[in-house]
Amino acid sequence: MTPLVELRQLMKKHWDAQEKSELFSDVTTTIEQPERIALLGKSGQGKSTLLRILAKLESVDSGTIYFNGQLMSEVDSRIWRMNICYVAQQATMLPGTILDNLMISSKIHNRTFEESYARQLIKAVGLDHLDWEKHAGDLSGGEKQRIALVRSLLLRPKILLLDEITASLDQQSKELVEQLLIKFHQKEKIGFIWVTHDIEQAKNVSERIWYMEDGTLASDVKTSVFLDDQASSPTQVKL
Ligand SMILES: Nc1ncnc2c1ncn2[C@@H]1O[C@H](COP(=O)(O)OP(=O)(O)OP(=O)(O)O)[C@@H](O)[C@H]1O
Ligand SMILES: [Mg+2]
């Protein structure tokens, strides 16, 4: 069977070449089917850069990426991003209301806006009290993050690339988001690669861990194996 995603020998140069020539290299892995992956590693390893490359928002210096057997460079960016959707840490709201923001994906991709589905999602992330006519720019950081997530889910992507998306959420909202994404994985077969510095969150949401260290994907194992290794290892991973 064709794997969902294949990464072959990805290399990205560091933009400050004097510091070191490569941000990361030799990143090779396969996702066979929609999976829940947590992407860990200390600050500056290139986690966000890798997600942005996978979303076709940034280029790679060498290596190849396939989605469903199709080479990234041969797929139209708009189509690619409908399937593999990046949700940034700093959510950007488009000018206009919350409703304008929720409708944007359907407008760009020529799809009907699914209002009742949008309402379900908004409720699931704990934002059902919001008036959709409210100016999106006035929302708090945590509200913007959740609107951005719902905006992406409305696209019905195959894979979500989640970049520290609960970083400015309170514990309850964070748990709602975690539960929603686990449910989406179970029911809709949507997989994710979720960057987090929170090992508890990785434990809660993932079944597989990608750990970046020393400029590469140093570890790619089941979450249970990663956690067991951690418990028995004298050197703790750096998050
Ligand atoms: N487009 C780029 N090309 C090359 N290097 C970049 C690029 N964007 C960022 N960098 C550099 O690469 C390093 C890693 O950045 P990145 O944001 O991917 O790290 P990160 O692992 O997500 O870190 P954090 O956990 O702090 O979010 C930084 O030193 C950054 O300056
Ligand atoms: Mg980052």
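Only heavy atoms go into these numbers, but all of them, side chains included; no hydrogens, no water, no symmetry mates. Owing to the predicted nature of the structure, the values given are computational and were not obtained by experimental measurement. Ligands are counted one by one from 1 in listed order, and the atoms in each one are counted from 1 as well.
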Is the closest side-chain donor-acceptor distance between R8 and T30 under 3.5 Å? yes

For ligand 1, is there an N or O atom under 3.5 Å from any N or O atom of G44? yes

Answer yes or no: is there a donor N or O on one side and an acceptor on the other, between the side chain of D220 and the main chain of W210, under 3.5 Å? no

What atoms in ligand 1 come closer than 4.0 Å to a heavy atom of H197? 25 (O)

Per atom 25 (O) of ligand 1, closest listed option by heavy atom (Q89, R52, Q45, K47): K47

Which residue, I37, V205, L161, L160, forms the side chain to side chain contact (heavy atoms under 4.5 Å, CB included) with W194? V205

Scan side-chain atoms only and decide if D26 and T216 contain a donor-acceptor pair under the 3.5 Å cut-off. no

So, 4.0 Å and heavy atoms of K13: is ligand 1 close enough to count as a contact? yes

Answer with yes or no whether the side chains of E175 and Q179 bring together a donor and an acceptor at under 3.5 Å. no

Out of all atoms in ligand 1, which are within 4.0 Å of some heavy atom of E164? Include the element for each. 25 (O), 27 (O)

Using 30° and 60° as the class limits, which term best fits the ring planes of F184 and Y117: parallel, tilted or perpendicular? tilted

Any N/O/S atom of S43 sitting less than 2.8 Å from the Mg ion (ligand 2), backbone or side chain? no

Atoms of ligand 1 close to E58 [distance to a heavy atom under 4.0 angstrom, numbered from 1]: 1 (N), 2 (C)

Around atom NZ of K174, are there more than 12 heavy atoms from other residues, nucleotides or ligands closer than 6.0 Å? yes

Residue selection (non-hydrogen contact nearest atom 16 (P) of ligand 1) among V60, I53, T49, L39: T49

Tell me which one of G46, G41, S43 gets a heavy atom nearest to atom 19 (O) of ligand 1. G46

